[in-house]
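Computation of the quantities below employed the complete heavy-atom set of this structure, encompassing side-chain atoms and omitting hydrogens, waters and symmetry-equivalent molecules. In this text, all values refer to a predicted model and were calculated from it rather than measured experimentally.
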Amino acid sequence: MSDKYLTGERLRYILEKEGMSMRQLAKSSNINVSTISRIINGRRKPTLSHLQRLSEVLHTSVQDLLGEEKVSLYEKENIALQESFYTVQSTLGQVGNTHDLSIQEIDKELKKYIQFVQTEEGESTVLANYKDKRSKLGDFSGPYLQRLEEMFLRFSSKKGTTKQLILMGSALLYFIFTVDVIPDYLFPIGFIDDAIAINLVMGMLEKTQ
């Protein structure tokens with residue numbers, strides 16, 4: 001049985017246990033009822049955004065919906081990053097800086113950059129601006145910046161398939177351009193959305209290998 005069927009069966013079981021209909025779940029999660037029906041019946045695989053919204057409504061975890069072994073390394077890291085974000089959100093609220101962190105919104109931005117990086121202007125923007133943006137972070141390092149640095153080295157030397165280079169370019173453009181969900185002056189907390197963007201692209205790159 002494929003992963004999507006296992007997820008659908010798990011979701012069906014939880015709905016029955018909670019006495020909730022698909023329509024009620026759709027309304028509470030803001031996911032189209034036809035999408036939920038296709039997930040339950042194994043006709044489509046849920047996105048990470050779907051899983052997060054469903055788990056919140058059903059008071060369970062993404063791991064519980066998928067099964068621990070079916071959550072990729074990058075998905076696990078993104079879940080942990082979001083949890084870190086919401087932990088500090090109340091602190092930000094005390095100084096009047098409340099924000100929302102949505103993987104769906106970050107993914108939407110990445111898709112814009114996927115289109116832009118395929119243009120001559122997009123490629124030259126990455127090559128001309130990455131090092132300057134990176135230098136503003138000073139000596140700070142970590143796994144996400146290391147992944148970003150590796151992406152830049154591969155992108156600048158064109159080491160990868162066309163699809164892989166496009167995906168890496170989109171992450172680099174996100175890092176260069178996007179106004180952070182959390183202000184940069186709160187770095188490294190302000191790097192959380194960039195880290196999630198990097199992980200989303202790493203997950204997509206993993207599927208191209």
Side-chain angles (χ1 to χ4, degrees), residues 1-94 97-111 142-144 147 167 171 174 180-182 186 188-207:
M1 185 178 288
S2 70
D3 290 356
K4 62 183 181 182
Y5 283 107
L6 289 170
T7 302
E9 286 299 315
R10 180 63 182 155
L11 185 54
R12 188 195 304 276
Y13 169 78
I14 295 174
L15 281 178
E16 291 176 354
K17 181 180 177 183
E18 296 292 327
M20 183 181 291
S21 69
M22 284 191 288
R23 289 191 179 279
Q24 290 173 318
L25 180 59
K27 183 177 180 180
S28 298
S29 65
N30 198 30
I31 299 173
N32 190 285
V33 67
S34 63
T35 297
I36 292 175
S37 176
R38 288 196 296 272
I39 291 171
I40 287 176
N41 292 308
R43 294 200 297 270
R44 73 159 293 169
K45 187 175 181 179
T47 65
L48 183 55
S49 176
H50 289 152
L51 291 167
Q52 288 169 328
R53 281 182 279 169
L54 292 171
S55 65
E56 288 173 7
V57 172
L58 297 171
H59 308 293
T60 186
S61 66
V62 171
Q63 287 91 337
D64 189 38
L65 286 175
L66 283 176
E68 180 68 30
E69 71 281 1
K70 298 178 182 66
V71 183
S72 75
L73 167 66
Y74 306 112
E75 290 172 332
K76 289 177 183 177
E77 288 184 356
N78 275 350
I79 293 166
L81 284 166
Q82 281 196 305
E83 289 175 351
S84 297
F85 170 82
Y86 290 118
T87 298
V88 302
Q89 189 180 39
S90 58
T91 302
L92 294 176
Q94 291 174 8
N97 289 307
T98 54
H99 304 273
D100 186 29
L101 185 65
S102 165
I103 285 182
Q104 190 174 23
E105 288 302 314
I106 295 172
D107 186 57
K108 189 185 298 182
E109 287 298 313
L110 281 171
K111 286 175 181 174
Y144 305 113
R147 289 170 188 169
L167 290 172
Y174 186 99
D180 290 332
V181 173
I182 309 175
L186 291 171
I189 295 171
F191 188 65
I192 290 177
D193 59 321
D194 300 87
I196 289 175
I198 292 167
N199 275 349
L200 287 172
V201 169
M202 290 296 294
M204 288 186 275
L205 286 171
E206 195 174 58
K207 293 175 183 177

Quickly, which of Asp194, Val201, Ile198 forms a side-chain contact (heavy atoms from CB on, under 4.5 Å) with Tyr174? Name it, please.
-> Asp194

Sole residue of Leu205, Leu110, Leu200 in side-chain contact (heavy atoms from CB on, under 4.5 Å) with Leu167 | Leu205

Return the minimal non-hydrogen interatomic distance between Pro46 and Leu51, and the atom names on each side.
->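 Closest approach of Pro46 to Leu51, heavy atoms only: CG-CD2, 3.8 Å.
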
Asn30 and Arg53: which non-hydrogen atoms are nearest, and at how many Å?
-> O-NH1, 3.1 Å

Residue pair Ile40, Leu15: steps toward the side chain to side chain contact (heavy atoms under 4.5 Å, CB included) verdict = CA-CA 10 Å; Ile40 287 176; Leu15 281 178; 3.5 Å; yes

Val57 side chain near Met20 side chain, heavy-atom distance below 4.5 Å | yes

Would you compute the distance between atom [atom1] of [X] and atom [atom2] of [Y] and round it to the nearest 0.5 angstrom?
X      : Y      : atom1 : atom2 : result
Leu58  : Ser29  : CG    : OG    : 8.0 Å
Arg43  : Ser34  : CZ    : OG    : 9.5 Å
Lys111 : Ile106 : NZ    : CD1   : 13.0 Å

Hits for salt bridge (charged side-chain N to carboxylate O under 4.0 Å, His left out) against Lys17, two or more places apart or cross-chain, chain-then-number order -> none

Would you please name every residue forming a side-chain contact (heavy atoms from CB on, under 4.5 Å) with Thr35, sequence neighbours left out?
-> Ile31, Asn32, Arg38, Ile39, Arg44, His50

Ser28: partners by side chain to side chain donor-acceptor pair (under 3.5 Å), with sequence neighbours left out | none

Which residues satisfy the side chain to side chain donor-acceptor pair (under 3.5 Å) test with Arg12, sequence neighbours excluded?
-> Asn41

Please walk me through it: do Leu11 and Leu25 pass side chain to side chain contact (heavy atoms under 4.5 Å, CB included)?
-> CA-CA 11 Å; Leu11 185 54; Leu25 180 59; 4.2 Å; yes

